[in-house]
S.K.: 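Next up is a structure, given as structure tokens.
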Amino acid sequence: MFSKPENGRVYWKEFVHQCYELGMGSLGIVVIISLFLGAVTTIQTAYQLVSPLVQKYVIAEIIRDSAFLELSPTVVCIVLAGVVGSKIASELGNMRVSEQIDALEIMGINSKTYLILPKIVAAFVMIPCLIVISMFLTVWGGYLAATISGVMSSQQFNQGLVKDFVSFNLIFGLIKSFTFAFIISSVSAYFGYHVKGGALEIGQASTKSVVVSCILILFADYGLAALLL
Amino acid sequence: MIEVKNIKKSFGSKVVLNDVSCKMESGKVNLIIGSSGSGKTVFLKCLVGLMGLDSGDVLYEGKNVATMQEQEQKELRTQIGMLFQGSALFDSLTVEQNVMFPLDMFTKKSSAEKLKRVNEVLDRVNLKDSNNKFPAEISGGMKKRVALARAIVLNPKYLFCDEPNSGLDPQTSLVVDKLIMEITKEYNITTIMNTHDMNSVMESGDKIIFLYQGEKRWEGSKEDIIFSKDEKLNNFIFASEFLQEAKKMRMMEAK
Ligand SMILES: Nc1ncnc2c1ncn2[C@@H]1O[C@H](COP(=O)(O)OP(=O)(O)OP(=O)(O)O)[C@@H](O)[C@H]1O
Ligand SMILES: [Mg+2]
């Protein structure tokens with residue numbers, strides 16, 4: 001399907017451009033979502049854990065583990081499926097409909113390699129980075145909510161944060177984000193590249209790519225959890 | 001020279017090209033005319049290989065495209081320039097970057113050399129001072145000319161133009177026609193051009209092929225067209241009463 005790039009430098013430039021677009025284009029939403037996910041989870045967990053037998057710092061442990069295991073990789077990737085996936089699908093769909101893909105083929109360029117490969121590789125590099133940022137911001141959001149609302153002191157939070165830390169959780173979160181990055185970029189590229197028709201079909205392709213990636217992400221999420229935990 | 005032998009193409013049950021054969025000579029503008037939906041775009045796309053054929057052969061300088069090695073096909077592609085009906089400029093690149101794209105991809109020239117060549121061809125199509133604009137910021141006629149510049153930047157041996165003058169005013173359209181004609185003669189290019197613009201037929205048709213309902217109905221030069229007795233061709237070319245009159249006058253003069 002893909003072939004050897006005609007000119008490495010042009011492909012490298014395209015890859016860097018895609019990394020920038022993808023990273024910068026979704027950093028804002030990732031920051032906001034992560035902070036709020038952390039804050040809300042903290043307050044709601046504190047609300048549910050009222051037993052005097054459970055120490056306060058356990059809440060911090062819960063936040064940390066849910067951020068690393070599920071909140072950051074899965075929830076944020078579902079949002080990215082909407083933000084990044086629809087962008088890739090509509091960009092490629094527009095190129096197909098306005099014959100830009102034909103123009104590439106006529107020049108003797110493998111349009112799949114030139115248009116899709118840099119996007120998939122950029123997603124592979126950038127989405128895990130975004131997820132790592134999201135992990136720390138989620139925990140930080142939790143910390144802010146906990147201390148501001150007086151659920152616990154910052155000492156208690158920090159104590160919980162380092163207690164029983166399993167580094168595999170972090171690795172597991174990363175494995176998920178690589179998997180989801182591949183799903184998001186390849187599914188949206190597939191639907192965008194194969195658009196037939198006009199503007200209406202571009203919209204349909206981008207909706208379809210979001211729906212299909214979300215479902216695949218949830219399946220993969222379950223599959224990975226069942227397999228690796 | 002490009003030779004087309006008995007090509008057939010259909011979509012489902014709809015036959016778009018039915019047994020079309022012709023020869024396109026180099027250094028000439030070969031015109032494909034026909035009403036909207038007669039299969040001109042499909043014909044071009046079949047010739048350049050963007051669409052597969054159901055049957056028949058396309059030969060470039062006697063070589064069958066279907067039996068070429070992949071490497072040979074790639075090389076052939078770099079000798080083909082194509083101007084699409086909708087221009088097909090890359091939205092995310094500026095005018096300059098669009099024209100430079102084939103140079104970036106296929107040559108190892110320095111940036112200065114590439115820029116020089118880009119300005120040369122942009123100058124050739126009468127487009128200056130638009131280098132840093134994006135396609136969304138220029139007019140339809142300018143887009144066509146940028147697309148033409150991009151198509152000729154690598155000095156192609158074959159130039160395919162899909163309605164280069166649709167949507168242009170008569171004057172700009174003549175400028176584009178003249179450009180294509182001059183470039184064709186200058187570099188001895190085999191040019192194939194789709195059109196339903198009668199000005200361009202009379203201006204630039206060295207050889208004219210009339211497609212009607214998927215078949216080649218008529219073939220000849222622009223001089224022949226006036227004296228043609230083919231009813232369908234006459235109805236197509238001399239569609240208005242005014243033009244019918246003009247044709248009669250021309251024929252009387254000739255007698
Ligand atoms: N990809 C396709 N799938 C199905 N049918 C197609 C496809 N492309 C073209 N057709 C059909 O082939 C016929 C010829 O289309 P084509 O685009 O070649 O017309 P045209 O002569 O270029 O017309 P125009 O002057 O309006 O550009 C049309 O009836 C069209 O519906
Ligand atoms: Mg057409």
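Each chain gets a letter, A, B and so on, in the order the sequences are listed, and its residues count up from 1.
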S.K.: What's the separation between atom CZ in B/Phe90 and atom CG in A/Leu104, rounded to the nearest 0.5 Å?
M.R.: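 Result: 4.0 Å between the selected atoms.
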
S.K.: Tell me whether B/Glu186 at atom CD has more than 12 heavy atoms from other residues, nucleotides or ligands lying less than 6.0 Å away.
M.R.: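 It does: B/Glu186 CD has more than 12 such atoms within range.
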
S.K.: Given that the side chain runs from C-beta out, which part of B/Ile80 has a heavy atom under 4.5 Å from chain A: side chain, backbone, both or neither?
M.R.: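 Its backbone and side chain both get close to chain A.
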
S.K.: Checking B/Phe160 against chain A: side chain, backbone, both or neither under 4.5 Å from a heavy atom?
M.R.: neither

S.K.: Heavy-atom pairs under 4.5 Å with chain A are the metric here; pick the option from B/Gln79, B/Arg150, B/Gln85 that has the most.
M.R.: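 Most heavy-atom pairs under 4.5 Å with chain A: B/Arg150.
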
S.K.: Step through the shown structure and confirm whether more than 12 heavy atoms of other residues, nucleotides or ligands are within 6.0 Å of CZ on A/Phe2.
M.R.: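 Above 12, so yes.
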
S.K.: What distance separates B/Phe106 CZ from A/Asn7 CG, expressed to the nearest 0.5 Å?
M.R.: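 The CG atom of A/Asn7 is 8.5 Å from CZ of B/Phe106, to the nearest 0.5 Å.
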
S.K.: If I take atom OG1 from residue B/Thr78 and atom CD1 from residue A/Ile106, how far apart are they, to the nearest 0.5 angstrom?
M.R.: 11.5 Å

S.K.: NZ of B/Lys74 to OG of A/Ser3: how many Å apart, nearest 0.5 Å?
M.R.: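 It comes to 4.5 Å.
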
S.K.: Drop me the distance from A/Glu99's CD to B/Ser87's OG, to the nearest 0.5 angstrom.
M.R.: 9.5 Å

S.K.: Does CZ in A/Phe168 sit with more than 12 non-hydrogen atoms of other residues, nucleotides or ligands closer than 6.0 Å?
M.R.: yes

S.K.: Does A/Gln100 reach the side chain of B/Asp91, with side-chain heavy atoms less than 4.5 Å apart?
M.R.: yes

S.K.: With a cut-off of 6.0 Å (strictly less than), are more than 12 heavy atoms of other residues, nucleotides or ligands near CZ of A/Phe165?
M.R.: yes

S.K.: More than 12 heavy atoms of other residues, nucleotides or ligands under 6.0 Å from NZ of A/Lys13: yes or no?
M.R.: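 No, not enclosed.
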
S.K.: Need one label for B/Leu89: side chain, backbone, both or neither, based on atoms under 4.5 Å from any heavy atom in chain A.
M.R.: backbone

S.K.: I'd like to know if B/Lys45 pairs up with A/Asp102 as an ion pair, taking the criterion as any Lys NZ or Arg NE/NH1/NH2 lying under 4.0 Å from an Asp or Glu carboxylate oxygen.
M.R.: yes

S.K.: Check this for me: A/Phe182, atom CZ, are more than 12 non-hydrogen atoms of other residues, nucleotides or ligands nearer than 6.0 Å?
M.R.: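 No, the 6.0 Å shell around CZ holds no more than 12 heavy atoms from other groups.
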
S.K.: What distance do A/Met107 atom CE and B/Met82 atom CE have between them, rounded to the nearest 0.5 Å?
M.R.: 11.5 Å

S.K.: Considering non-hydrogen atoms only, spot the tightest contact between B/Arg77 and A/Gly108 and give its length.
M.R.: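 Taking every non-hydrogen atom into account, CB-CA, 3.6 Å.
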
